[in-house]
Each structure stands twice: as structure tokens, then as C-alpha cells.
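Accompanying notes for the structure given below.
Heads up: numbering here begins at 1 and tracks the sequence. Ligands are counted one by one from 1 in listed order, and the atoms in each one are counted from 1 as well.
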Amino acid sequence: MGPMGRDGEGFLTAASLLHPLAVLVLMLGGGDVSGAHADPRPSFVLIMADDLGIGDVGCYGNTTIRTPNIDRLARQGVTLSQHIAAAPLCTPSRAAFLTGRYTLRSGLASHGRVPVLLFLAGSGGLPPTETTFAKRLQKQGYTTGLVGKWHLGVNCVSRGDHCHHPNQHGFHYFYGLPFTLFNNCVPGEAIDILADVELALRHLSLLLGLALLTLVCLCASGLLSISGRLLATLTGLTVAAVAVWYVPFGFLQTWNCIVMRNQEVVEQPMVVETLTERMLKEAQNFITRNAHQPFLLFFSLAHVHTPLFHSPAFAGKSRHGVYGDNVEEMDWIIGQVTETVDSLGLANNTMMYFTSDHGGHIEDPIRGGWNGIYKGGKAMGGWEGGIRVPGIFRWPGRLPAGRVVDQPTSLMDLYPTLTHLAQDTEADRALDGHNLMPLLEGSSDRSEHQFMFHYCGIYLNAVRWHPPGSDSVFKVHYFTPNFSPAGAGGCHDAQFCGCHGDRVTRHRPPLVYDLLRDPSESRPLTPATAAERPLAEVLERVAEAVAAHRARLAQEGPGGPPTQMSWGNILWKPWLQPCCGTFPFCGCHDNATFAG
Ligand SMILES: *[C@@H]1O[C@H](CO)[C@@H](O)[C@H](O)[C@H]1NC(C)=O
Ligand SMILES: *[C@@H]1O[C@H](CO)[C@@H](O)[C@H](O)[C@H]1NC(C)=O
Ligand SMILES: *[C@@H]1O[C@H](CO)[C@@H](O)[C@H](O)[C@H]1NC(C)=O
């Protein structure tokens, strides 16, 4: 057995207690150390899918979709069955994941209509004052890399300040999409961004243009005479309307669909056909070149977000159309990454993790996304389907194989788990996650999340309570999104549900479910059906917890952090636009020369 085996690992751990130098000496004397490094701290490969539903995965009960590689990770490691995202949408969920804190604390929770960053050249993003787990690990000597989707902003006040960029947030290396994959990245697909605003601006330009044309014709034929000044004003307005409509919206693909390597734009607009292959190679190369030292790789997949591009090898192979093909391709990617870790002999000192940023988007039948028995999906506030996601950890030799943990856990738990394993003991800000190691290893069977708070934008939507000594998991909903058409199970008319105003129904008293007995949230408890404890007690305990939670958040300072999600921070600012070439003539092609 090599130094990576169970014996070897114990030996390293014991040695490291003595003196770091002793480890080095022992390692040098210990001969071949293929793959394993002397550092007792593990490396991390975190894989996050985009928009994947918990019901899309074989080991979470899907019998018709093939995800053998994810299922294998689950067999070899620990599966979390109640793993909860802090928000049901990309930007806020990812902010909470990376910072280990509720999204309200970073200002990325939305007040209004727009719940995610819409333009790469907006000024909103993960504020420089926030700390990610990557930044902590970087300080502990880890080499850190992000391959794939970011969607947390790039610039603040000028092109190239990169205040929100992954490189400023703890990632030594970045290759991928500073924004996200979306329909506009492929010409001919639907428009994903502010389609109604686009339409309104388009109509306005058209109307102004028509009015101008009519006036000019009437004047030319002598039927009307108007002042030159009025004509000039109307011309100016028309030109302005066309510019405001056409420049940001007509070139959405160029502005938003780009690939960067570190702070350089290497492809604009991106070629989606080769993206999968390039991202996979980048992830594999990062692992290979850092095999000799502790590293963190966050592999943030573009799959299975629309437009569901996939390579020919997977086309038509699944039983669930393009969506299923996309899921199966994603599973293959995960298999390739796992293979890289294993073939380098890194398995036993690498913690692998797989999750999705939130639940599947069930409103569009073509998009797909299946949240199993759970109600709702992406962008539906606190309903379980939008926030309960896959969560799998694999670390052979350290974590038991095949263990299933039913306790409430959060994506925010990654931060304290990673810093714990990296032996980071420096003081930190207030965190909302908990170290998962006791649950994963089995030394504890109780989650430290007695309460969990589920937000829809900045609005507290629901609260989960797992009372001590009980198996019940109560969930209290203060409001629920109005489905449209009514009874549809989603907001099919609007594509996304809202979080406030007339788009929600407030419940007084709040709706209460017991997820243990009713995981689909189909039968709110009544005083007669609340068997375990009186409803009033549940509401009272939860109300106390909400008050305490709000008091903790208030410690961030009066009024909370500045919002990143105002219109001023979201809308397109030409002077912030990442661009290769001379703005506005941006364009370049990445010829797949992979960094060595
Ligand atoms: C498996 O996933 C597909 C794709 O989302 C879905 O259509 C199907 O209903 C799921 N099947 C089961 C048994 O969960
Ligand atoms: C990793 O650990 C497992 C379980 O302790 C052990 O069976 C296996 O041989 C180890 N693998 C390597 C490559 O050392
Ligand atoms: C990349 O490939 C394109 C098209 O094949 C070519 O026009 C361009 O010059 C190449 N760029 C570089 C930097 O090699």
C-alpha cells in the first residue's frame, strides 16, 4: 500500500501533529508519493450544475435518466437528501454559497422586479467587502481556480477595474463565463433578458420613426409646415430611442456571452459548440498542474441552463429530449473530472462535491428540469422544488461510502466546512453556515440548522424549523407566489414568479407544513392535523427565531449593505463593457490554446 492508503494517511496525520518539517523529512524518506502531497489538508473539487432539478438525478430517484457518474460519487460518498440553496435563483444563490452567508448580507438580494444580474456591463456584483471561501483558502496557501460560470459581476466604475471579478474574490485562476449561458448566446433562440422592456423600446422607436417619416412626407408635399427645431427634436428623440433599444439589446450576444481567461476577454461572442470541451480541459488541466499541493477547484458548469447546447455524441441519446441529453452530457463531464482526480492518485486526499445552484426551471416544457416530489421550482421563493438540490460529498478513506444524511443542510455550509478542513482559524465575519464534517463523517446525526430562512429576493418567504429531539421539519410560509394561470404549478404566463405586491398571496396565519410527513407541501397543517405539537407553538417559536435572525442581520450596520440589484446597478453601462478589440467593435476567437 502506498503512502496514500489508509495507513499512509494516518501516518501523515500523526506526523503533521509533530512538526511540518517532520512531514517533509518523512515524505522525502518515504519514496514514491505519486499523487498524494505531504500536506494533510485535502484538496477540493466543487462541481455546481446550473438549474438542475433534484429529480433529474438517478441517485435521487430518477429511473429514466442516466447519471451513472453522479450515482457513483454518491455510492462512494455521502448523499444529502435535504440540501438547501439560500435562494431559488443563480446570482443570489451563488453569492450565499461563496460567502457562507445569507444573500441579504452581500446586497445581492433583489428589492424589485429583476432578481439576477442581467448585463455583464452592469455595475452590480459581489462587493469587494465580501469574503469568499476561495479567498480564505488562498490565504491558507491553497491554489484556487474557478472554471465556468460566475454571474456575480465584473466592473464597478470603469472597464478593467474588475472589482467583482473572480480574481479579486480569491481565485488565482479563472477561465469561463463571467456572466452566464442564456438563450441570447445562440442566435435564433428566444430573448431572455427584459423581453417586455425590449419590446416596449422597440415599439417606441418604431412609433417615433413612423411619426418622423409622416411629418417629413407631409412637409415635403407641402401639406404641412413645421419648424426646423421641432423636426430636429423629433429626429434626436428617434435616434436616441433606437440607440437605447438597439445598442444594448441588439448585441446581447456580444455584450454578455463572452469567455475570459483571468482578466482577459479571450472569446467574444463565445462559441457554445466548443465550450463544453474547453471548460472540461481547463478543469482537468487545473487539477493536473496542482496535483502536488492543496488546491481548490470550483467547476461551475454551464449545463443544464438553456439553450441546452450539447455535443453530437449526446444528441438524441436520452429518453427526455434535448434536456435529458444535456443532463447526460453533464454527467459525463463529471465522470471525466472524477477520472482525472482518480487517475492522478488524488482521490483519497480530495473532497469532491456536487450540487446545483437551485431547482429546475419547470415553467418551460422545452427547458425541462424535474424537481421530483417537491413543489415549485426555480424562482418560486420558498417552495421546496426551487431550493432543495442534490448534495453529494466524496472523500474515500475519510467519509463513509453510501451514507445518506436526511438532516437540513445548506449550500452555505460549504464555506465553514472548507475553512475547517483547510485549518483556517483566523477570525471571520458572522457566517450562516455550519461545518458539515460531523454530519458527513457520522460523528453527529443532528444538523446545527435548527432554523433556516428562505428568501424570495429581500423578502423573508418561509422558515424551516427542525425542533430538537424531533424528526419533524416544520415549514412556515408567510406568503406564496401566485401561480398563473391559477393552479398551474408555476408562473407560466410570466416565466418567473414574483416576490411581492400582487404577485404573491400573504397568509395570515402563515401556512405550516410538516416536511417529514408531507414533503410535497400539499396539505397545510390545521389545528386538528398538527399531531406533534400545537400550531400556535410552531408559529411562536418560528417568530422568535425570525426576530433573532433579523437582529443578527442588523449587526451588519443600519440599513444593511448597499444594494447591488438596483436598476442603476443592473442596466448596461457601455463604459463597463468587457471587450476584446476596440469598443464597441468587440470580437475575438479563443483558439483553444489551453494554459499549460
Ligand atoms: C427524470 O427526469 C426527466 C427529465 O427532467 C423527467 O422528465 C422525468 O419525469 C424524471 N423521471 C422520474 C422517474 O423522476
Ligand atoms: C483510499 O482509501 C480507501 C479506503 O480507506 C482504500 O481502500 C484505498 O486503497 C485508498 N486508495 C489509494 C489509491 O490509496
Ligand atoms: C483563431 O482562429 C481564427 C479562425 O480560425 C483566426 O482567424 C484567428 O486569427 C486565430 N487567432 C489566433 C490568435 O490565433
Side-chain angles (χ1 to χ4, degrees), residues 1-13 27 30-38 40 42-43 49-68 70-73 75-78 81 291 303-306 308 310 314 316-331 338-352 356 358-378 384-386 388-390 393-403 440-442 489-490 519-520:
M1 183 175 282
M4 284 190 55
R6 197 179 271 283
D7 302 336
E9 196 172 333
F11 152 86
L12 287 182
T13 316
M27 289 306 295
D32 178 29
V33 291
S34 59
H37 46 73
S43 291
D50 199 2
D51 285 14
L52 180 77
I54 191 168
D56 287 326
V57 183
C59 58
Y60 281 92
N62 198 312
T63 48
T64 49
I65 218 157
R66 286 165 302 188
T67 56
I70 300 172
D71 302 350
R72 182 157 56 95
L73 287 180
R75 270 201 312 281
Q76 297 175 347
V78 183
S81 65
H303 289 63
V304 294
H305 206 289
T306 48
L308 302 173
H310 51 228
F314 292 89
K317 293 288 158 62
S318 82
R319 286 167 59 183
H320 298 288
V322 280
Y323 184 81
D325 297 349
N326 214 246
V327 172
E328 295 192 359
E329 181 175 63
M330 175 201 69
D331 178 77
T338 310
E339 177 58 29
T340 304
V341 169
D342 292 357
S343 66
L344 288 166
L346 298 176
N348 283 10
N349 58 2
T350 302
M351 179 191 259
M352 289 190 67
S356 176
H358 50 73
H361 189 183
I362 59 176
E363 271 105 349
D364 187 336
I366 308 163
R367 291 170 193 247
W370 179 249
N371 299 316
I373 60 168
Y374 303 107
K375 186 178 210 158
K378 176 176 179 176
E384 204 69 1
R388 193 186 283 229
V389 292
F393 285 87
R394 186 197 78 153
W395 185 4
R398 180 75 188 260
L399 299 183
R403 180 176 160 78
L440 297 179
E441 291 187 293
S520 304

Closest to atom 2 (O) of ligand 1 by heavy-atom distance, out of T63, I65, N62, is N62
Of all protein heavy atoms, the one nearest atom 8 (C) of ligand 1 is H320 CE1, 3.6 Å
In this structure, atom 14 (O) of ligand 1 is nearest to the protein heavy atom W370 NE1, 3.0 Å
Ligand 1 to Y323, heavy atom cutoff 4.0 Å, flagged ligand atoms 5 (O)
A student checking ligand 2 against N348 at a 4.0 Å heavy-atom cut-off should list atoms 1 (C), 2 (O), 3 (C), 8 (C), 10 (C), 11 (N), 12 (C), 14 (O)
(Q) Strictly distance-based, threshold 3.5 Å: is any side-chain N or O of N326 a donor or acceptor partner for the main-chain N or O of H303? (A) no
One finds that the ligand 1 atoms under 4.0 Å from a non-hydrogen atom of G55 are 1 (C), 2 (O), 14 (O)
Q) Got a donor-acceptor contact below 3.5 angstrom from the S520 side chain to the I373 backbone? A) yes
Between D51 and H358: side-chain donor-acceptor atoms closer than 3.5 Å:
yes
- Do side-chain atoms of D342 reach the backbone of A347 as a donor and acceptor pair under 3.5 angstrom? no
Practice prompt. Please assess L399 against E441 for the test side-chain contact (heavy atoms from CB on, under 4.5 Å), listing each intermediate value before the final yes or no.
Written response: CA-CA 5 Å; L399 299 183; E441 291 187 293; 3.8 Å; yes
for atom 4 (C) of ligand 1, nearest protein heavy atom and its distance come out as D56 OD1, 3.5 Å
Lys/Arg N to Asp/Glu carboxylate O, D331 vs R66, below 4.0 Å: no
Here the atoms of ligand 1 under 4.0 Å from any heavy atom belonging to T64 are 1 (C), 11 (N)
